[in-house]
Amino acid sequence: MVRRRTIKRLHKLKEMDQQSDNQQNNKTTLQELILDNFSDCDDLVHRTLPELSISIIYFLHLVNDQLLKMELLEPLYHASEEASLPFLRRSNFHKSDDEKKLIDGIIKGEAVVFHKEHAYLINISGPKQREIQPSETETTITGPHEGFVESSEINLSMIRRRVRSSHLKINEIPVGEVAKGSVYVLHIKGIANDEIVQDLTNRIEKIEIDAVYDSHILTQLIEDQPNALFPQFMLRERPDAVAAALVEGKVVIVMDGSPAVIITPSSFFDFFQTGDDYYQRWITGTATRLLRFGAFMITIGFTALYVAVTSFHYEMIPQSLLTTLAGSRSKVPFDPLYEALIMEVTLEFLREAGARLPTKVGQTIGIVGGIVIGQAAVQAGITSNVLIIVVASSAIASFVVPSYVMSASIRLTRFGLILLAGILGNLGIVIGLTILVIHLSSLTSVGAPYLAPLSPFFKKDWGDFLLRAPYSLMKTRPAIPRSSNKKKVK
């Protein structure tokens, strides 16, 4: 009987030893798995403190040196073995034995501390990010000047500071099969439409691509009609504009590594609005907004109208201008269509070269190009003075459109209208504009009509459409976000 009990006890001790060995093997296996995942990565640091049974893994260029010393290395170097475990149980350490979480943490700039059979993550990410500066693509005269940066943490904090509400919800979604990235979907609970939020979340989760580096790429992956000429999602670089969109019931998408934040659903007319419209008095805001729509019409149709009139409809030119125009064009050997295309393409060359070259060289290109187009081309008889004025007016008007993405689409549309005007005259312009309106009417932004509130007609939204009405009259949220809470002012 005694012998049987002794054998049973020996078996139990053996099982306990086996469990201990398994735990030890698991610990070693987890570390080995992590190190195996990052094999051939010379910037991976693997420190060991054998007297404390601790090893630390992190990427050299992804951590902040000061935080690494202050928060991790120096306290551990001066700690005893008994004090090491209480130290790792502090609130800034997060215990995890999940291999995927540990790998993701190291990639994001965290350090993994292995202590016996457990692993702990501590966020010491760095180096320093670009400081908050004014946006270069969205400038305002009277409003706040801070713009988004490439760090999603800083961008989210700027939005949080402006929308101080527990109803602001942020959902993180990982994207990218090879290069991991994070996308954040923001909305205000009770104001935003839940179906739109869920639809966008599903679209992002279904993305299967090696990497997404910027919000502009992300929009092309989740748009309703990715082959359309015009952008269907608004991209902004200003936290005040994003905060206002959230309060209106729209959904916002922030992507780590990109200073551009996506706002949706968006209509065609949203691309013509700026922060200054709202910071100035309503009469001034309305006037500048109407000026912007006028600039759009000049950009898209002025050159095409010149080609149509000089090619087919001389009777439309006032008699006082007819002699001047005929004299100006008398030395030009090209038809108005070819003349206009040469000048427009040359202008696009200059615009593209000025945008791609360094700032100082770009300015030189602009001056040289202006002299060549303004004087040399006329003296050489390649183009007429009148066309120079027409093309220059169209180019200046295109800069009035606030969104660069929309401006590029409009410029491309202009070439189509010029070709149609050169072939069919005014009839070609009418056909081109009709095709354009049909195309815009067929577009949607997360299911919302792109030409709203013009088509379909939403009477209440006209206070913030062509006009910028007084705030006391803008009592309801726009119709296209399909908000469940319509009232903005009680």
Side-chain angles (χ1 to χ4, degrees), residues 272 287-354 362-401 407-437:
F272 294 86
T288 50
R289 189 173 289 182
L290 290 173
L291 184 72
R292 236 169 268 135
F293 283 110
F296 163 68
M297 298 304 294
I298 290 172
T299 302
I300 204 166
F302 200 16
T303 310
L305 187 63
Y306 168 85
V307 173
V309 168
T310 52
S311 301
F312 300 95
H313 312 288
Y314 267 99
E315 68 279 5
M316 291 178 64
I317 304 172
Q319 193 65 35
S320 55
L321 286 177
L322 190 58
T323 309
T324 307
L325 183 61
S328 177
R329 290 215 70 252
S330 60
K331 296 180 182 177
V332 180
F334 306 112
D335 291 338
L337 173 62
Y338 299 120
E339 183 191 3
L341 286 176
I342 288 170
M343 294 310 300
E344 289 284 356
V345 170
T346 306
L347 190 68
E348 291 301 321
F349 284 157
L350 288 171
R351 192 199 304 260
E352 192 64 17
Q363 289 174 352
T364 307
I365 287 289
I367 295 167
V368 172
I371 294 171
V372 169
I373 291 178
Q375 294 182 359
V378 175
Q379 290 175 358
I382 297 173
T383 184
S384 64
N385 285 323
V386 178
L387 182 63
I388 293 288
I389 296 169
V390 171
V391 171
S393 303
S394 300
I396 292 169
S398 70
F399 293 124
V400 179
V401 179
S407 175
S409 300
I410 291 170
R411 280 171 15 223
L412 200 58
T413 306
R414 185 172 63 199
F415 281 95
L417 283 178
I418 291 171
L419 284 171
L420 286 170
I423 297 169
L424 300 171
N426 285 344
L427 178 63
I429 296 177
V430 173
I431 293 172
L433 290 176
T434 305
I435 294 171
L436 178 63
V437 171

>> Distance check, rounded to the nearest 0.5 Å: L322 atom CG versus M316 atom CE?
In response: 13.0 Å
> Once you round to the nearest 0.5 Å, how far does OG1 of T299 lie from CG of L417?
Replying inline: 11.5 Å
> Which residues pass the ring pair (Phe, Tyr, Trp, His ring centres under 6.0 Å) test with F312, sequence neighbours left out?
Replying inline: none
>> With rounding to the nearest 0.5 angstrom, report the CE to CD1 distance, M343 to I382.
In response: 8.5 Å
>> How close do A308 and G425 get, counting heavy atoms only, and between which atoms?
In response: CB-C, 3.7 Å
> Taking only residues two or more places apart in sequence, or in another chain, which ones meet I423 in a side chain to side chain contact (heavy atoms under 4.5 Å, CB included)?
Replying inline: none
>> Run the side chain to side chain contact (heavy atoms under 4.5 Å, CB included) test against T413 and tell me which residues pass, sequence neighbours left out.
In response: L229, F230, I300, L436
> Of the non-hydrogen atoms in V400 and A295, which two are nearest, and what is the gap between them?
Replying inline: CB-CB, 3.7 Å
>> Can you list everything that forms a side chain to side chain contact (heavy atoms under 4.5 Å, CB included) with L341? Sequence neighbours excluded, please.
In response: L337, F415, I418, L419
> Tell me, which pairs form a salt bridge (Lys or Arg N to Asp or Glu O under 4.0 Å) where one or both residues lie in residues 292-310, sequence neighbours left out?
Replying inline: D277-R292
> Is there any side chain to side chain donor-acceptor pair (under 3.5 Å) pair reaching into residues 322-345, and which pairs are they, with sequence neighbours excluded?
Replying inline: T303-E344, R329-E339, E339-T383, E339-S384, E344-R414
> If you draw a 6.0 Å radius around OH in Y314, do more than 12 non-hydrogen atoms from other residues or ligands fall strictly inside?
Replying inline: yes
> When rounded to the nearest 0.5 angstrom, what distance separates CZ in R351 from OG1 in T346?
Replying inline: 12.5 Å
> Between P336 and V307, what is the shortest heavy-atom contact and its length?
Replying inline: O-CG2, 3.9 Å
> Out of I389, L325, V391, which one pairs with Y306 under the side-chain contact (heavy atoms from CB on, under 4.5 Å) rule?
Replying inline: L325
>> Going by salt bridge (Lys or Arg N to Asp or Glu O under 4.0 Å), name the pairs with one or both residues in residues 364-382, residues two or more places apart or in two chains.
In response: none
>> For the CZ atom of F272 and the CZ atom of F293, what is their distance to the nearest 0.5 Å?
In response: 6.0 Å
> L321: what forms a side chain to side chain contact (heavy atoms under 4.5 Å, CB included) with it, not counting sequence neighbours?
Replying inline: I317, P318
> CD1 of I342 to CG of L347: how many Å apart, nearest 0.5 Å?
Replying inline: 13.5 Å
>> Between V430 and L420, does the side-chain contact (heavy atoms from CB on, under 4.5 Å) criterion hold? Intermediate values first, please.
In response: CA-CA 9 Å; V430 173; L420 286 170; over 6 Å; no
> Hey, does the side chain of S398 reach the backbone of A395 with a donor-acceptor pair shorter than 3.5 angstrom?
Replying inline: yes
> Hey, does I396 have a side-chain heavy atom less than 4.5 Å from the side chain of I298?
Replying inline: no
> Does F302 have any ring pair (Phe, Tyr, Trp, His ring centres under 6.0 Å) partners at least two apart in sequence or in another chain, and if so, which?
Replying inline: none
